[in-house]
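The residues of the chain are indexed from 1 along the displayed sequence. Counting starts at 1 for both ligands and their atoms, in listed order.
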Amino acid sequence: MKLYVYDHCPFCVKARMIFGLKKVPVTVEFVLNDDEATPVSMIGKKMTPILEIEPGNYLPESLDIIHFIDQSKTPKLLTGERNPAITQWLEKTGEAIYGLAVPRFAQADLAEFSTREARRYFTENKEAMFGNFQLLMESSEALIRITEQYLLELDKLIKSPSACNGELSEDDFHLFAALRSLSITRGVKIPQGVKSYMEQMSQLSLVPLYHDIAI
Ligand SMILES: N[C@@H](CCC(=O)N[C@@H](CS)C(=O)NCC(=O)O)C(=O)O
């Protein structure tokens with residue numbers, strides 16, 4: 001199977017995670033960010049992640065990919081209950097986490113930006129959604145301070161480094177994807193419980209954090 005992704009894309013992170021967690025082999029293909037033709041030829045629109053189950057048979061949508069792979073082989077991994085407090089935490093923190101992460105992605109050495117045109121395409125599209133990147137970078141200090149407060153709240157919600165609610169659930173995919181995005185930001189103080197969770201989930205899911213290239 002092949003999984004078509006952008007490295008920065010949190011939905012793609014969720015889809016990549018299930019392969020590592022479930023130990024199902026997959027070839028991860030990074031699509032250039034301005035390559036509209038490849039995803040459109042597969043699923044009729046420009047969107048990743050896309051799983052190529054077999055040649056010509058494509059499955060989009062991160063949650064559909066997660067459940068498809070989880071059901072493909074026993075034992076099923078997503079057996080835990082969700083915690084509404086994790087959903088609420090993700091809703092309230094999204095603006096700060098992605099306000100920090102998105103302008104940094106635009107500067108990072110990621111596979112989907114290996115041409116100048118692809119990086120420019122991302123910058124133009126995402127500035128229209130998130131606002132001017134230079135201004136966002138200038139508000140980093142304030143955004144980091146709010147995020148650090150949020151992380152202290154999250155530290156109390158995480159029950160285990162290998163599953164935020166104690167048993168693996170959809171919450172882990174949403175939460176790790178957001179925290180992995182945050183890891184592109186240098187200088188954020190991360191409480192020990194959150195740090196252990198990020199490191200353990202990264203190891204189990206085989207999705208590396210961005211600490212080495214953090215900006
Ligand atoms: N509902 C989809 C959302 C996927 C999505 O929004 N992907 C973004 C990347 S993060 C995308 O491909 N956007 C088009 C673009 O970046 O040009 C899923 O869960 O897989």
Side-chain angles (χ1 to χ4, degrees), residues 1-22 24 26-53 57-72 78 82 86-87 90-91 93-133 136 168-185 201 205 207-210 213:
M1 282 184 279
K2 276 190 188 168
L3 186 65
Y4 292 85
V5 300
Y6 308 128
D7 192 78
H8 72 274
C9 162
F11 301 98
C12 303
V13 169
K14 297 176 201 180
R16 287 168 70 182
M17 288 172 74
I18 192 66
F19 291 91
L21 291 165
K22 196 88 180 179
V24 170
V26 70
T27 304
V28 176
E29 297 275 353
F30 295 97
V31 183
L32 275 176
N33 204 248
D34 63 339
D35 176 0
E36 297 181 345
T38 300
V40 169
S41 73
M42 294 173 179
I43 59 163
K45 56 181 165 179
K46 183 189 184 286
M47 197 181 72
T48 64
I50 303 167
L51 178 64
E52 186 173 21
I53 299 170
N57 183 7
Y58 301 106
L59 179 66
E61 290 296 331
S62 54
L63 292 178
D64 290 345
I65 296 169
I66 291 168
H67 293 297
F68 174 76
I69 296 302
D70 198 22
Q71 280 154 18
S72 68
L78 275 86
R82 298 192 62 183
I86 296 285
T87 310
L90 286 167
E91 276 167 10
T93 59
E95 199 177 329
I97 290 180
Y98 290 101
L100 288 165
V102 174
R104 286 169 170 80
F105 290 150
Q107 300 174 50
D109 184 14
L110 304 180
E112 61 268 35
F113 306 137
S114 58
T115 66
R116 194 179 303 197
E117 293 73 25
R119 195 181 294 277
R120 192 177 321 124
Y121 181 100
F122 177 86
T123 303
E124 281 172 10
N125 275 338
K126 301 293 174 182
E127 280 193 323
M129 292 164 69
F130 290 86
N132 179 274
F133 283 176
L136 278 173
L168 202 75
S169 73
E170 227 179 72
D171 284 349
D172 290 296
F173 293 79
H174 301 305
L175 182 58
F176 179 72
L179 294 173
R180 196 255 187 175
S181 294
L182 179 64
S183 73
I184 194 81
T185 307
M201 288 304 292
S205 66
V207 181
L209 294 167
Y210 284 127
I213 59 160

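- The stretch residues 40-51 participates, sequence neighbours left out, in these side chain to side chain donor-acceptor pair (under 3.5 Å) pairs: Tyr6-Lys46.
- Remark: ligand 1 atoms within the under-4.0 Å shell around heavy atoms of Ser62 are 18 (C), 19 (O), 20 (O).
- Checked against a 3.5 angstrom limit, the closest N/O atoms of Thr48 and ligand 1 fall inside it.
- Here Leu3 contributes atom CG and Arg16 contributes atom CZ; the two are 8.0 Å apart, rounded to the nearest 0.5 Å.
- Geometrically, ligand 1 and Tyr121 share no nitrogen or oxygen pair separated by less than 3.5 Å.
- When each atom of ligand 1 is checked for a heavy atom of Lys126 under 4.0 Å away, the hits are 16 (O).
- With sequence neighbours left out, the ring-ring contact (aromatic ring centres under 6.0 Å, His included) criterion links Phe122 to His8, Phe113.
- Heavy atoms of Lys14 stay at 4.0 angstrom or farther from ligand 1.
- Of the inter-residue distances, the one linking Leu51 atom CG with Ser62 atom OG reads 12.0 Å to the nearest 0.5 angstrom.
- Here Tyr6 has side-chain heavy atoms under 4.0 Å from ligand 1, and that is the only part of it that gets that close.
- Here Lys46 has heavy atoms under 4.0 Å from ligand 1 in both its backbone and its side chain.
- Residues Pro39 and Val31 approach most closely at CD-CG1, 4.3 Å, considering heavy atoms.
- Taking CD1 from Ile53 and CE from Met1, the interatomic distance works out to 7.5 Å, rounded to the nearest 0.5 Å.
- Counting all heavy atoms, side chain and backbone alike, Arg180 lies closest to Ser183 at O-OG, 2.6 Å.
- Heavy-atom contacts of Cys9 reach the following atoms of ligand 1: 9 (C), 10 (S) (cutoff under 4.0 Å).
- Residue Leu63 places no heavy atom under 4.0 Å from ligand 1.
- When hydrogens are left out, the protein atom nearest atom 1 (N) of ligand 1 is Glu61 OE1, 2.7 Å; that is the closest non-hydrogen contact.
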